[in-house]
Every structure is written in structure tokens, then in C-alpha cells.
Q: 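Let me give you the structure first, and then I'll get to my questions.
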Amino acid sequence: MTVAVVLLATALVIVVALLAAASAGKLARMDGATYPAALTRAAVTFAAVITLAATVASVFTTLLT
């Protein structure tokens, strides 16, 4: 049961990170950024969402144990 919950939570975080990255890239492109600049902004956004999720999980783990 716990393995399934962890896998589902991981999949959800990755989907949210991909959506945020795609949105950031699209907004950068609409703002007039070049393709490499838009891709860089999307990558930074993806990394930020993954880092934030890892930090929140670490804090929850510390608080619940």
C-alpha cells in the first residue's frame, strides 16, 4: 500500500512540474524570448518545482516521525 502511495505521489509531482515548466516556457516565448532562453526558463522552473517538493517531503518526514 505504501509503495503505491509513494509512486502515485511521485507521478503527481512530476506531472505538476512538467505542467509548470511547459507554462513557463510558453509564457517566456509569448514574452519574446528566444527558444533557448524559453527552454532554460522551463528547465529552471521544472527543477524548482522538484526541489520544492523534495523539501516539503523532507519537512513532513521530520515532523511526522
Side-chain angles (χ1 to χ4, degrees):
M1 174 79 176
T2 3
V3 175
V5 171
V6 168
L7 288 175
L8 286 173
T10 304
L12 179 65
V13 167
I14 290 174
V15 167
V16 168
L18 286 172
L19 287 173
S23 299
K26 178 65 176 171
L27 287 173
R29 216 32 213 139
M30 288 173 57
D31 196 34
T34 62
Y35 283 110
L39 186 60
T40 301
R41 290 183 191 175
V44 167
T45 303
F46 181 80
V49 171
I50 296 295
T51 304
L52 180 63
T55 304
V56 168
S58 173
V59 168
F60 279 156
T61 302
T62 305
L63 290 176
L64 296 177
T65 57

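Computed from a predicted model, the values in this text were never measured in an experiment.
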Q: Is Ser58 reaching over with its side chain to a backbone N or O of Ala54, donor-acceptor style, under 3.5 angstrom?
A: no
Q: Can you see which heavy atom on Ala38 is nearest to which on Ala33, and at what distance?
A: N-CB, 4.3 Å
Q: Got Leu7 and Val3 here, is their nearest side-chain heavy-atom distance under 4.5 Å?
A: yes
Q: For Thr61 and Thr65, which heavy atoms make the closest approach, and how far apart are they?
A: O-OG1, 2.8 Å
Q: Measuring from atom OG of Ser23 to atom CE of Met30, what distance do you get when rounded to the nearest 0.5 angstrom?
A: 11.0 Å
Q: Group every Ile, Leu, Val, Met, Phe, Trp and Tyr by side-chain heavy-atom contacts under 4.5 Å, then state whether Leu18 and Val13 land in the same group.
A: yes
Q: Give, for atom CD1 of Ile50 and atom OG1 of Thr45, the distance between the pair rounded to the nearest 0.5 Å.
A: 11.5 Å
Q: Taking all non-hydrogen atoms of both residues into account, name the closest pair between Ala42 and Ala24 and its distance.
A: CA-CB, 4.4 Å
Q: When rounded to the nearest 0.5 angstrom, what distance separates CZ in Phe46 from CG in Leu39?
A: 12.0 Å
Q: Measure across Arg41 and Asp31 and return the closest heavy-atom pair with its distance rounded to 0.1 Å.
A: NH1-OD2, 4.3 Å
Q: State plainly whether one hydrophobic cluster holds both Phe60 and Leu52, where clusters connect Ile, Leu, Val, Met, Phe, Trp and Tyr through side-chain heavy atoms under 4.5 angstrom apart.
A: yes
